[in-house]
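Shown next, in structure tokens, is the structure this report addresses.
Just so you know, these numbers use all the heavy atoms, side chains as well, and skip hydrogens, waters and symmetry mates. In what follows, chains carry the letters A, B, and so on, assigned in the order in which the sequence lines appear, proteins first and then strands, with residues in each chain numbered from 1. None of the values given here were measured: they were computed from a predicted structure.
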There are 2 protein chains.
Amino acid sequence: MPDAIPALKSHQPGKDILAETPAYDLIELFFFAYRDFVSDPDRILDEYGFGRAHHRVLHFVGRNPGLTIAELLDILRITKQSLNRVLKELIDKDFIESRMGTADRRQRLLFATEQGRELALKLAKLQTRRIMRALSDMEPEAKDLVSRYLLRLIDPDSSAHVKHLVFGSEET
Amino acid sequence: MPDAIPALKSHQPGKDILAETPAYDLIELFFFAYRDFVSDPDRILDEYGFGRAHHRVLHFVGRNPGLTIAELLDILRITKQSLNRVLKELIDKDFIESRMGTADRRQRLLFATEQGRELALKLAKLQTRRIMRALSDMEPEAKDLVSRYLLRLIDPDSSAHVKHLVFGSEET
DNA sequence: AATGATATGTCAGCCTTGTTGACATATCTC
DNA sequence: GAGATATGTCAACAAGGCTGACATATCATT
């Protein structure tokens, strides 16, 4: 096991302390970092009358052209009713386009429009800037290591799926 | 199939391009990792009739005994009305105790009760288990590197404050 | 061709957790 | 005593989750 956590506060005596000492630092840093990370897009989304939910949908559709509703639900892990609310707005405002499936005409294949791709890219660049600022002046292996850490943080059940989605072949 | 990532490939090695290529992998991994990371506590909080908002309050009060309302608001960056809603429930259910300030009697100093500390610890251990599983078999320097990465992801404005809160002297 | 399964859409209502604005109270500081 | 400060509270609203029920179109199977 890697280095133990620096002793943060003295606990009541008795329990097996070392193995169970909470990693307060990584827990809290994760909270603060994620909060700031999503705050960048928020400001821009506001101008369009969109929220974080719209961002997620737009992002994954942009990244996976032809995504079906079912696949999107599986990625976001929300109900179809929740998805539909924001998806409808994205379609109405012409950021996403929904086409009938060719093989299976029950399906709806989702595509980002030109406008949609532009917004998605703008938001991704914002977040990338923050990531690059963090990585700059760090060890060259930092990016790969962080990537591996985050992947291992994910539920083992879904990690293969995520790996495919993030790194895998461009197909869905 | 249209490619959603116009600027990603097949470009001359211009400096601008490189700097602007979205780090889709780290962006998406961050999303999935954070989602699973907070899902562990969710299940337990449910049994108590609490939500994520309660968790955050309980966590930071537990970690910083004697925290004032103003300091807690500064950490969470929510309105006092939002805070009060969940804080009241935590106090009513005897997970947090509010004492009048000694130096300044207008202040309320917050403390986790025995029950509160137990729950906070239980949740922190859950998340720690996930973190340790991720770190196991990784390079020994992984923990430190991830910690530095997350800290650098935070807004420069607040990073000193966060650093103090996470690593700093136990006092508030 | 009929039937059941599947993919999606939609209505209605509820919950949590964020927001703003207004106002009340106690206490501190000058 | 006056004004600033720390907190509490009421009311209303919004975003984005949820459940349950039901509708429609299409596919797959018999």
Side-chain angles (χ1 to χ4, degrees), chain A residues 31 34-35 38-39 41-43 45-61 66-93 96-110 172, chain B residues 31 34-35 38-39 41-61 66-93 96-111 172:
Chain A
F31 165 70
Y34 192 77
R35 184 181 60 182
V38 296
S39 77
D42 279 358
R43 286 184 275 275
L45 289 159
D46 228 41
E47 301 167 12
Y48 293 80
F50 293 146
R52 284 178 199 181
H54 301 85
H55 183 196
R56 284 177 219 129
V57 170
L58 183 59
H59 175 94
F60 286 108
V61 169
L67 203 65
T68 66
I69 301 287
E71 288 166 338
L72 188 49
L73 287 175
D74 192 45
I75 290 172
L76 300 176
R77 290 213 210 135
I78 58 177
T79 59
K80 62 176 176 177
Q81 294 92 329
S82 293
L83 171 59
N84 224 266
R85 188 162 38 201
V86 294
L87 183 55
K88 227 188 311 185
E89 291 171 10
L90 284 164
I91 292 173
D92 282 351
K93 294 190 182 174
I96 284 182
E97 189 183 349
S98 168
R99 303 183 203 150
M100 185 181 285
T102 46
D104 186 336
R105 293 161 33 109
R106 288 171 302 179
Q107 293 182 328
R108 296 291 172 268
L109 308 186
L110 303 174
T172 44
Chain B
F31 165 71
Y34 192 77
R35 183 183 61 184
V38 296
S39 77
D42 278 357
R43 286 184 277 275
I44 290 179
L45 289 159
D46 228 41
E47 301 167 12
Y48 293 80
F50 292 145
R52 282 179 201 181
H54 301 85
H55 183 196
R56 286 178 217 128
V57 170
L58 183 60
H59 174 93
F60 286 108
V61 169
L67 203 65
T68 67
I69 301 288
E71 288 166 338
L72 188 48
L73 287 175
D74 193 47
I75 291 172
L76 299 175
R77 288 210 213 137
I78 58 176
T79 58
K80 62 177 175 177
Q81 294 92 327
S82 292
L83 170 59
N84 223 266
R85 189 161 36 205
V86 294
L87 182 56
K88 228 188 312 187
E89 291 171 9
L90 284 165
I91 291 173
D92 282 351
K93 294 190 181 173
I96 284 182
E97 189 183 347
S98 168
R99 302 183 204 150
M100 185 182 286
T102 46
D104 187 335
R105 293 161 33 111
R106 287 171 304 180
Q107 294 182 328
R108 297 291 173 267
L109 309 187
L110 303 174
F111 298 87
T172 45

note: A/Ile69, atom CD1; D/dT26, atom P; distance rounded to Å ~ 16 Å
In this structure, CG of A/Asn84 is separated from CD of A/Glu89 (nearest 0.5 Å) by 10.5 Å
Here the distance between atom P of D/dG17 and atom CD of A/Glu89, to the nearest Å, is 12 Å
Nearest heavy-atom approach of A/Gly66 to A/Glu71 is O-OE1, 4.5 Å
Between CG of A/Leu67 and P of C/dT8 the distance, given in whole Å, is 10 Å
Rounded to whole Å, CG of A/Asp42 lies from C1' of C/dT19 at a distance of 13 Å
>> Mind checking if B/Arg85 touches a base, just sugar-phosphate, or nothing, with heavy atoms under 4.0 Å?
In response: base
Polar-atom pairs under 3.5 Å, protein N or O versus N or O of nucleotides 28-30 of chain C: list them with distances, or write none.
unit_1, atom_1, unit_2, atom_2, d
C/dC28, OP1, B/Arg105, N, 3.0
C/dC28, O4', B/Arg106, NE, 3.4

In whole angstroms, the gap separating C1' of D/dT26 from CE of A/Met100 amounts to 9 Å
Of C/dT10, D/dT9, D/dG16, the nucleotide closest to the side chain of B/Lys88 is D/dT9
Evaluate the ring planes of B/His55 and B/His59, with Trp represented by its six-membered ring, and classify them as parallel (under 30°), tilted (30 to 60°) or perpendicular (over 60°). perpendicular
With a cut-off of less than 4.0 Å, is there a side-chain N or O of B/Arg56 near OP1 or OP2 of C/dG18?
yes
Q | 4.5 Å side-chain heavy-atom contact, A/Leu110 and A/Leu72 | A | yes
A/Val57 and A/Val86 have their tightest heavy-atom pair at CG2-CG2, 3.9 Å
In whole angstroms, the gap separating P of D/dA23 from CG of A/Asn84 amounts to 18 Å
To the nearest angstrom, the CG-P distance between B/Leu45 and C/dC15 comes to 19 Å
### Message
Once you measure the plane-to-plane angle for B/Phe60 and A/Phe31, does it fall in the parallel (<30°), tilted (30-60°) or perpendicular (>60°) bin?
### Response
tilted
note: B/Arg43, atom CZ; D/dC18, atom P; distance rounded to Å ~ 14 Å
Sorted by number, residues from residues 75-83 of chain B placing a heavy atom under 4.0 Å from DNA chain C are B/Arg77, B/Ile78, B/Thr79, B/Gln81, B/Ser82
Reckon B/His54 has a side-chain N or O less than 4.0 Å from the OP1 or OP2 of C/dT17? yes
